[in-house]
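In the text below, chain A, chain B and the rest are named by the order of the sequence lines, each starting its count at 1.
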Amino acid sequence: MTAAEQELPKLYDPKAAQDRWYPHWLEKGYFTADPTSNAQPYCIVIPPPNVTGALHLGHALNNTLQDILIRWRRMKGDSVLWMPGTDHAGIATQAVVERRLLQDEKKTRHDLGREALVKRIWAWKDEYEARILSQLQAMGASCDWSRTRFTLDPICAKAVRHTFFKLFADDKVYRGKRLVNWDTHLRTAVADDEIYYEDTKGSLWSIRYPVAESDEFLVVATTRPETMLGDTAVAVHPDDPRYKHLIGKEVALPLTDRRIPIIGDGMLVDMAFGTGCVKVTPAHDPNDYQTGLRHKLAMINLLNPDGTYHENAPAAYRGLAVKEVRKRVLADLEAAGLLLETKPHDLRLNLSHRSNTAIEPYLSDQWFVRMDEFAEKAIGAVTSGQVTFHPERYAKSYIDWLSEKRDWCVSRQLWWGHRIPIWYCETITEEELNVAFAGRSDVVWRQAEAGSDRRGWLLCALEDLTGQELGPNHRLEQDGDVLDTWFSSALWPHSTLGWPEKTPELAKYYPTSVLSTARDIITLWVARMVIMGQYNCGAVPFTDVFIHPVIQDGQGRRMSKSLGNGIDPVDIIEMYGADTLRFGLASAATETQDLRLPIEKIRLEDGREVNTSDRFEQAKPFANKLWNAARFVMSNLGDYIGEPVRPEQLSIEDRWILATLRATVSQANASLEKFQFEKLAKTLRDFTWNDFCDWAIEFAKPRLKDNEQRPVAQAVLVEVLDTLVRLLHPIVPFVTEQIWQSLAVVAPIRGVFASRNSAESICVAPWPKVEDLPADDHAQSRVDLWKDGISAIRNIRAERNLPKDARPVPVMRVAAGEMESLAAGLAMFQTMAGVGDWRVVNSAEDLPEDIEQARARGELAAKVLDRLEILVPLGQFIDKEAEKVKLRKNLADLEKQIGGIDAKLGNASFVERAPAELVLQQRQKREELQARRGAVVELLAALEQS
RNA sequence: GGGCGGUUAGCUCAGCUGGUUAGAGCGCCUGCCUUACAAGCAGGAUGUCGGGGGUUCGAAUCCCUCACCGCCCACCA
């Protein structure tokens, strides 16, 4: 491509840049990690999106922020790996596929069978995984796609199998009882997040339980009378004077022939609620279950999986459904005169999302991971500083949750997931097992615990058992359940790197660097990754956890399908381009607040209705602005030869913009180190727009017309543009690459000083270094004075409505020491402020005659600034009255400020107690203001006399 | 019920280790198609910093309290 072939359209075309550069980056392999590199490793594993559906804006935010970090570190020269992948999301995915099956074909999973259903889910997964990956690519994500993983793929499966095997062998996993949320319609356990609540008007029934061998009664209040058939105790508060004496005695449980103990339990019972007596049904209520554990009560399961009453219930109720049992129990109690009262009571019904039927707490046997030691170690990882949360307040939720040390239930009654690698055999003996598996270290076994639903032996194997290992006389049956999705997610940082194999990737990139996620999964995911990382690899999985804000709609609600307020990032990319999406999200990613996006529905040209947000309008002009600044620079490089520039050739304004750029690089570094993306975006936007475009380019225009100054001005523009696009690249990768590549054609040689580079893509160009750019306080101070002067004249022109072509001839009064500074900006003033010849005078000396005369005639407009007084003769354009009003307002402002300072300085306590430095500063400030006031008073007086 | 965060311009948000006349983007008003950019330029207006109390010479910033909004966790016999 030659310079002539360059297309430099006025409007930046995001789509063209995206279509052109993303495939190019992939082809060149810039995103491919090299574990053999000697560079410092930097690795982020993507929080794997669920394959349940397409990505929304929350994912876009998180992945934009990760890509910013990744692209930054890649440019810094680190050996970078951003590991992509997706999550099988157990119940969520199975549920969507089952729901669709029911809708489209009126079939349940039982109609299809396990194998066929799983096949359907794989097809679903393939579709959505492709969609998700293409969304990430559309956003510009620089993942190493050659390593894309899926939580059910063979590499991850191997890690899961090895982990479970190790846990089993170490006795860290056990089979135990637990109350699960049982869906009696679908005959399956459902997860907590698959339950919804409905407030309904129910009843609170009071039932008399006769105390054995006594005339006394205890009255219990319940919303679920049918569960009384499974009661195994009645609890009262141990300090309750009404019942204290009964603790240790028994009641005769009505409708049954059982006697159950009266226990004292301060945790379960609130003396003030109801009657102060609580029936305890450990097998069908979570609190009662805990109470049962505390008091070692019997646990009587009343239900069959289909929700009918089990043989553990008295004969009269067996085989009946829950509702029917309730009716009968109430009728029978009534008949026995034991039903005291029925009161209306508001209660919350737990319903299954999947079948819309009531959830029954149901006691079942599940696999658990022992958490005590694990949690202790994982807490230590944070308290010792091996893992740091950003913002740090989130460490508290992590530690609080882990401190409960509740064992982790890892089995799920699903078909979609990692099958639990346990085989049961009831008939074998240990001797026979020893013989069958002699010499094999890949099979371990343990005896089933007493009280478990299984008898005989539990075998865990690294490879699937065929079932034939024990010979024809013994049946081996594999556990039908799968593992909790979070089990495989917990291994994600090391499983994706190849553990348990000792891969070069694992050696190079583990522990990874940063984990970026939302706060709602700090416990479910982050804590468990730390635990499993420590267990499997002996080291924490990452050193920093960054918690990003949550995206909400205009009403502060989460985005969700059911509310219809979700935004597809691809829609935003189509409307605004990927750079604007990313810039908008980064600009909104503040540390303290969640991110509120007022949603609008709009209809696209193709008729589709999509959600969008005004927030992207705010970010929209930026890429184009940058593009046009670059276009200006490049259009002035036709004769650029790239000769090195010696520092002494630089003008004041060159030194100013380079010094300002230096400060910007330093600020950008600080923001990136601290995960302050909003600050990063703002810093770079401000530099681009306010310093580079508004001033530096304008300063350069006259110099580019001067043959002598032109090469230096060109070199500095190239240097600044080159550095700026490198700084911006992590946020807006496409427009910066477009500029980088175009710039390479017109200015193959860059670098005002030593830092020349000619990277073939900005993706791998060096990150700017602060020390390559000169600091220059003097230039900064001087250019600030120029800017003030130019703004002041523009202000006068605009406020006095001077015609466009009017060329007033102003005077600037400054202290003697500043005269030279201002005079150096001569050319700039004339073009940028639109003035004719102008003069700088010493404020201690008399004004030039023409100005003095204009003042006498009252035709002078003035601006009295801190270091500078600007006097513009307006001649016929003067409006004396308006001028007086302005000066009076100016005077009032100054007096108000002086008054404020006087109040402070007149306050003895301030002078005594405030830092001396501050008092001095206030005194100086007062002097300046007084001087300005004097000047304004003088001007006003002249005007009034005229 | 416990915990966390928020309440600053019409909208979305910075500022909060106390100390200039409280800022930005978008929107709004005025004037400009000034050959980088009208998705632009120049200029302008806009705030009892949620209410109340306290600490301090000084509070948007620190403390207490109330109200409202959001989130997490627990619970509702």
Side-chain angles (χ1 to χ4, degrees), chain A residues 8 10-12 204 220-224 227 235 268-270 273-281 285-288 291 345-348 391 393-394 396-397 400-401 404 518-520 522-523 549-550 552 554-558 576 580 584 587-588 590-598 613-615 617-636 678-679 682 685-686 689 693-694 697-698 701 791 794-799 801-802 804 831-834 893-894 896-897 900-901 903-904 907-915 917-919 921-922 925 929:
Chain A
L8 300 177
K10 267 186 165 185
L11 257 188
Y12 167 62
L204 188 67
V220 300
T222 182
T223 55
R224 303 197 54 201
T227 63
L268 180 71
V269 183
D270 170 2
F273 186 90
T275 58
C277 300
V278 183
K279 58 190 276 308
V280 183
T281 323
D285 180 279
N287 290 314
D288 294 2
T291 309
H345 185 74
D346 292 335
L347 77 156
R348 215 168 64 172
R393 67 180 120 90
Y394 290 111
K396 190 170 151 45
S397 12
D400 287 353
W401 185 78
E404 290 178 25
R519 60 174 173 268
D520 54 349
I522 290 173
T523 54
V550 172
Q552 302 169 340
Q555 282 89 56
R557 301 174 303 181
R558 281 185 92 105
Y576 297 98
T580 295
S587 309
T590 61
E591 234 175 312
T592 50
Q593 304 220 47
D594 283 337
L595 204 160
R596 211 174 260 217
L597 297 167
S613 173
D614 181 54
R615 286 305 287 266
E617 288 293 331
Q618 292 183 30
K620 179 180 173 186
F622 182 72
N624 194 51
K625 183 73 178 174
L626 178 67
W627 169 245
N628 273 291
R631 223 159 56 87
F632 171 80
V633 173
M634 292 188 282
S635 68
N636 275 290
E678 182 261 355
K679 203 178 249 180
K682 183 169 165 35
R685 185 204 179 275
D686 286 350
W689 211 299
C693 294
D694 287 351
I697 285 182
E698 297 304 323
K701 280 178 180 172
S791 294
R794 284 172 173 171
N795 176 282
I796 287 171
R797 291 188 65 102
E799 288 199 333
N801 293 318
L802 285 200
K804 211 167 59 115
T831 49
M832 292 177 72
D893 281 352
L894 286 168
K896 190 180 152 204
Q897 283 184 64
I901 291 177
K904 272 187 198 170
N907 183 336
S909 331
F910 173 74
V911 179
E912 275 166 36
R913 300 193 199 184
E917 207 182 331
L918 190 73
V919 175
Q921 187 197 317
Q922 290 292 313
K925 179 87 188 166
L929 290 169

Just compare [options] and give me whichever is closest to any side-chain atom of [X].
{"X": "A/Leu918", "options": "B/G19, B/G40, B/C4", "answer": "B/G19"}
{"X": "A/Ala798", "options": "B/G43, B/C71, B/U21", "answer": "B/G43"}
{"X": "A/Glu404", "options": "B/G43, B/C33, B/C73", "answer": "B/C73"}
{"X": "A/Asn624", "options": "B/A39, B/U20, B/C4", "answer": "B/A39"}
{"X": "A/Arg631", "options": "B/G43, B/A36, B/G3", "answer": "B/A36"}
{"X": "A/Phe910", "options": "B/A39, B/A36, B/G19", "answer": "B/G19"}
{"X": "A/Ala914", "options": "B/C4, B/A24, B/G19", "answer": "B/G19"}
{"X": "A/Glu678", "options": "B/C41, B/A14, B/G25", "answer": "B/A14"}
{"X": "A/Asp694", "options": "B/C41, B/C32, B/C13", "answer": "B/C41"}
{"X": "A/Asn795", "options": "B/G40, B/G44, B/C11", "answer": "B/G44"}

Touch check for [X], heavy atoms < 4.0 angstrom, all strands: base, sugar-phosphate only, or nothing?
{"X": "A/Thr223", "answer": "sugar-phosphate"}
{"X": "A/Ala221", "answer": "sugar-phosphate"}
{"X": "A/Pro286", "answer": "nothing"}
{"X": "A/Lys925", "answer": "base"}
{"X": "A/Leu11", "answer": "base"}

Practice task
Examine distances only and state if a side-chain atom of A/Asn624 and a backbone atom of A/Leu11 form a donor-acceptor pair shorter than 3.5 Å.
Solution key: no

If you measure from the [atom1] atom in [N] to the same atom in [M], how many Å do you get, rounded?
{"N": "B/C13", "M": "B/A22", "atom1": "P", "answer": "23 Å"}
{"N": "B/G51", "M": "B/U7", "atom1": "C1'", "answer": "11 Å"}
{"N": "B/G23", "M": "B/A45", "atom1": "C1'", "answer": "16 Å"}
{"N": "B/C11", "M": "B/C28", "atom1": "P", "answer": "15 Å"}
{"N": "B/G58", "M": "B/G18", "atom1": "C1'", "answer": "8 Å"}
{"N": "B/C41", "M": "B/U46", "atom1": "P", "answer": "23 Å"}
{"N": "B/G25", "M": "B/A14", "atom1": "P", "answer": "16 Å"}
{"N": "B/G31", "M": "B/A36", "atom1": "P", "answer": "25 Å"}

Separation of atom [atom1] in [X] from atom [atom2] in [N], rounded to whole Å:
{"X": "A/Leu595", "N": "B/G6", "atom1": "CG", "atom2": "P", "result": "15 Å"}
{"X": "A/Gln552", "N": "B/G5", "atom1": "CD", "atom2": "P", "result": "16 Å"}
{"X": "A/Arg794", "N": "B/U34", "atom1": "CZ", "atom2": "P", "result": "16 Å"}
{"X": "A/Arg685", "N": "B/C26", "atom1": "CZ", "atom2": "C1'", "result": "10 Å"}
{"X": "A/Phe632", "N": "B/A36", "atom1": "CZ", "atom2": "P", "result": "6 Å"}
{"X": "A/Asn907", "N": "B/G58", "atom1": "CG", "atom2": "P", "result": "7 Å"}
{"X": "A/Asp686", "N": "B/C26", "atom1": "CG", "atom2": "P", "result": "11 Å"}
{"X": "A/Lys396", "N": "B/C71", "atom1": "NZ", "atom2": "C1'", "result": "15 Å"}

Problem - Side-chain donor/acceptor contact of A/Glu698 with base of B/A36 under 3.5 Å - result: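 Between B/A36 and A/Glu698, which were checked side chain against base, a qualifying N/O pair under 3.5 Å is present.
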
| Is a donor-acceptor pair below 3.5 Å formed from side chain A/Lys625 to base B/C37, judging by atom type as modelled? | yes

What are the two closest heavy atoms between [X] and [Y], and how far apart are they?
{"X": "A/Ser613", "Y": "A/Tyr576", "value": "O-OH, 4.3 Å"}
{"X": "A/Asp288", "Y": "A/Thr281", "value": "OD2-N, 2.8 Å"}
{"X": "A/Ser397", "Y": "A/Ile522", "value": "OG-CD1, 4.2 Å"}
{"X": "A/Arg631", "Y": "A/Leu8", "value": "NH1-O, 3.3 Å"}

Test salt bridge (Lys or Arg N to Asp or Glu O under 4.0 Å) applied to A/Lys279 and A/Asp285, step by step: CA-CA 11 Å; A/Lys279 58 190 276 308; A/Asp285 180 279; over 6 Å; no

Kindly compute the distance separating [atom1] ([X]) from [atom2] ([Y]), expressed to the nearest 0.5 Å.
{"X": "A/Thr523", "Y": "A/Glu404", "atom1": "OG1", "atom2": "CD", "value": "9.5 Å"}
{"X": "A/Met832", "Y": "A/Glu698", "atom1": "CE", "atom2": "CD", "value": "5.5 Å"}
{"X": "A/Arg685", "Y": "A/Lys625", "atom1": "CZ", "atom2": "NZ", "value": "9.0 Å"}
{"X": "A/Gln922", "Y": "A/Ile901", "atom1": "CD", "atom2": "CD1", "value": "5.0 Å"}

Give a yes/no answer on whether the side chain of [X] brings an N or O atom under 4.0 Å of OP1 or OP2 in [N].
{"X": "A/Ser635", "N": "B/A36", "result": "no"}
{"X": "A/Lys620", "N": "B/G25", "result": "no"}
{"X": "A/Trp689", "N": "B/C41", "result": "yes"}

For this session: Could you pick out which residue, A/Ala235 or A/Trp401, lies toward the 5' side of RNA chain B when each is mapped onto its nearest nucleotide?
Result: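 Nearest-nucleotide comparison on RNA chain B picks A/Trp401.
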
The answer to which of A/Gly276 and A/Lys10 contacts RNA chain B further toward the 5' end, by nearest nucleotide, is A/Lys10

Take N1-N3 plus N6-O4 or O6-N4 for Watson-Crick, N1-O2 plus O6-N3 for G-U, both under 3.5 Å. Which runs of 3 or more such pairs involve RNA chain B?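 As far as RNA chain B goes, consecutive pairing (with distances under 3.5 Å) yields the stems B:1-7 with B:67-73, B:10-13 with B:23-26, B:28-32 with B:40-44, B:50-54 with B:62-66.
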
